[in-house]
Structure formats: structure tokens, C-alpha cells
Amino acid sequence: MKNFAVKTIVAIGIGAALFFVLSTYIAIPTPIPNLKLSVHYPVIGVMAMLFGPLAGCLMGLIGHFLSDLASGWGVWWSWVAGSAFFGLAMGFVGYKIDLSKGEFGVKGAVIFNVVQIIAHLISWGLIAPGLDILIYNEPVEKIFLQGAVERGKYSDYRSRRYDPVLCVRIYQGEKGIFEKGRLKTIW
């Protein structure tokens, strides 16, 4: 495990704050009703890769907790646990892809995206719904449908396949991503 230094503690605070701000206030609208592209999970994924699994777990946990707290509907610990697991899983990817060297090729993009898709499926298909049933005594049919549909509809699961690559390329300082205020295709 990477050293739990002051730099890591500061990164946890920054990651949690980014999660909160990006999930609460920032989303890219689409022409499809109730569908927004959300970038908070890719940002946490990249930061978790840089600072390790424990840092990623805490970023997801604290950031989602603050987001739920500010939303007014109360904290849903089952969904907070899903975000914490996502950060943990993406932190382990950092051992396979070393972003600190500034390298992120096609192989890295494939590994990153496969792991993040699996992590999202586990987080929102198993952990969050399973804990909803155990903690809140929610009906099974409703919860698994919510995990499959609501997360896809509002957090836009489909867009996450592309957002992480954008985040990593921005992190690496690639030029030409932004063009006259619009995102430019980077593939």
C-alpha cells in the first residue's frame, strides 16, 4: 500500500470535495430528457489510481456522504458504500497503470474502462441494492430495478466509458481537448 502521507490526506480532502461539487452542481446536459453526463466518478477513479485504494475509498465515501447530506433527502449509506467500493476498486487499478509516470496508452485505457465498468456493476448492481434491502428493508424488485435504471438514467453509466479517458488526458495536460468552449473528440 502506498504511504499514507500528508499528500495523500490532502488528496482525500480534494477528491471528496471534487466528488461533492461535481455530483451536486456540475453535469453536462444532453438532448435526452433527464440524462446528464456526470464526471465525478471518472475524477475519483483517476485520483484513486494516483493515491491508492484506501484514499479512493475515502474520497468516494466522504464525497458521496457530503453530496447526500446537501441534497436534502438524507444520507443513503448503502449508496455511499457503493461509491466507497468504486474508489477502492479504482485505487487497485493504480497498481497496474502507473499514472505518476505520465503514461496512459491504449492498454491503460482498456484496463481502466474494463475495471471501472465492473466496479460500477458491482457498486450499483450488488452493493447498493443489497444494502438497501438489508438496511432499509426496501422491496427487492424496486431496488434492483433502481440500481439498473436510475444509475444509468441520472448518472449516465453509458458515458462513463468515455469520461475517464478524457479526465486522464486532461490530467496529463494534453492540448486541444477544449475548442471554443466545447469538448472536442479525443479519439
Side-chain angles (χ1 to χ4, degrees), residues 1-28 36-71 75-105 107-124 127-128 151 155-157 159-175 177-178 183 186:
M1 185 176 288
K2 297 182 181 185
N3 292 337
F4 208 66
V6 172
K7 184 167 93 171
T8 306
I9 294 169
V10 170
I12 292 168
I14 292 170
L18 281 171
F19 186 104
F20 168 71
V21 170
L22 292 173
S23 66
T24 306
Y25 302 109
I26 299 174
I28 302 166
K36 298 173 189 166
L37 300 179
S38 186
V39 296
H40 57 286
Y41 284 106
V43 169
I44 293 303
V46 171
M47 290 192 70
M49 287 174 54
L50 289 169
F51 295 99
L54 182 57
C57 179
L58 290 172
M59 288 176 209
L61 185 130
I62 296 166
H64 196 131
F65 169 78
L66 293 172
S67 180
D68 275 3
L69 198 62
S71 69
V75 177
W76 282 78
W77 289 105
S78 50
W79 294 82
V80 171
S83 291
F85 173 79
F86 177 78
L88 179 76
M90 296 312 294
F92 283 115
V93 176
Y95 295 137
K96 185 74 175 160
I97 305 169
D98 191 5
L99 285 181
S100 64
K101 293 180 182 174
E103 298 175 10
F104 190 80
K107 180 182 176 187
V110 170
I111 292 169
F112 184 92
N113 286 312
V114 167
V115 172
Q116 66 91 21
I117 288 169
I118 293 168
H120 278 296
L121 290 173
I122 293 170
S123 292
W124 315 122
I127 293 173
R151 277 297 178 190
S155 295
D156 191 24
Y157 165 77
S159 72
R160 290 190 189 121
R161 289 178 287 192
Y162 306 105
D163 288 344
V165 175
L166 176 65
C167 284
V168 170
R169 294 214 176 158
I170 290 171
Y171 167 77
Q172 289 179 324
E174 183 173 322
K175 296 177 182 168
I177 292 178
F178 294 97
L183 288 178
I186 58 175

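Numbering of residues begins at 1 and proceeds along the displayed sequence. Model, not experiment: these values are computed from the prediction.
- Contact annotation: the side chain of F92 never approaches that of M49 to less than 4.5 Å [non-hydrogen atoms, C-beta and beyond].
- Using a distance-only test at 3.5 Å, with no hydrogens or angles considered, a donor-acceptor pair links the side chain of S71 to the main chain of D68.
- Between V115 and A89, the shortest heavy-atom distance links the atoms CG1-O, 4.3 Å.
- Between Y95 and P53, some side-chain heavy-atom pair lies under the 4.5 Å cut-off.
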query: Are K96 and F112 close enough, and set up right, to give a side-chain contact (heavy atoms from CB on, under 4.5 Å), and what steps lead you there?
result: CA-CA 9 Å; K96 185 74 175 160; F112 184 92; over 6 Å; no
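- For F20 and F65, the ring centers are positioned 6.0 Å apart or more.
- For the pair V75/H64, no side-chain contact is recorded, criterion being any heavy-atom separation below 4.5 Å from C-beta on.
- Taken from OG1 in T8 to CG in L58, the straight-line distance is 10.5 Å, to the nearest 0.5 Å.
- At least one side-chain heavy atom of L18 sits under 4.5 Å from a side-chain heavy atom of M47.
- Distance CD/Q116 to CG/L121: 9.0 Å, rounded to 0.5 Å.
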message: Between F19 and M59, is the side-chain contact (heavy atoms from CB on, under 4.5 Å) condition met? List the steps.
response: CA-CA 7 Å; F19 186 104; M59 288 176 209; over 6 Å; no
- request: Show the numbers, then the answer: is there a side-chain contact (heavy atoms from CB on, under 4.5 Å) between I12 and F51?
  value: CA-CA 8 Å; I12 292 168; F51 295 99; over 6 Å; no
task: Determine, step by step, whether V43 and H40 satisfy the side-chain contact (heavy atoms from CB on, under 4.5 Å) criterion, reporting the C-alpha distance in whole Å, the side-chain angles of both residues, the deciding distance to 0.1 Å, and the verdict.
output: CA-CA 5 Å; V43 169; H40 57 286; 5.7 Å; no
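- With no hydrogens or angles considered, a side-chain donor-acceptor pair links S83 and Y41 at under 3.5 Å.
- Atoms OG and CH2, from S67 and W76 in turn, are 14.5 Å apart once rounded to the nearest 0.5 Å.
- Smallest separation of non-hydrogen atoms from G87 and I44: CA-CG2, 4.3 Å.
- Here the CG-CD1 distance, from L66 to I62, works out to 7.5 Å after rounding to the nearest 0.5 Å.
- In plain terms, the two heavy atoms of S123 and G82 that are nearest each other are OG-O, 2.9 Å.
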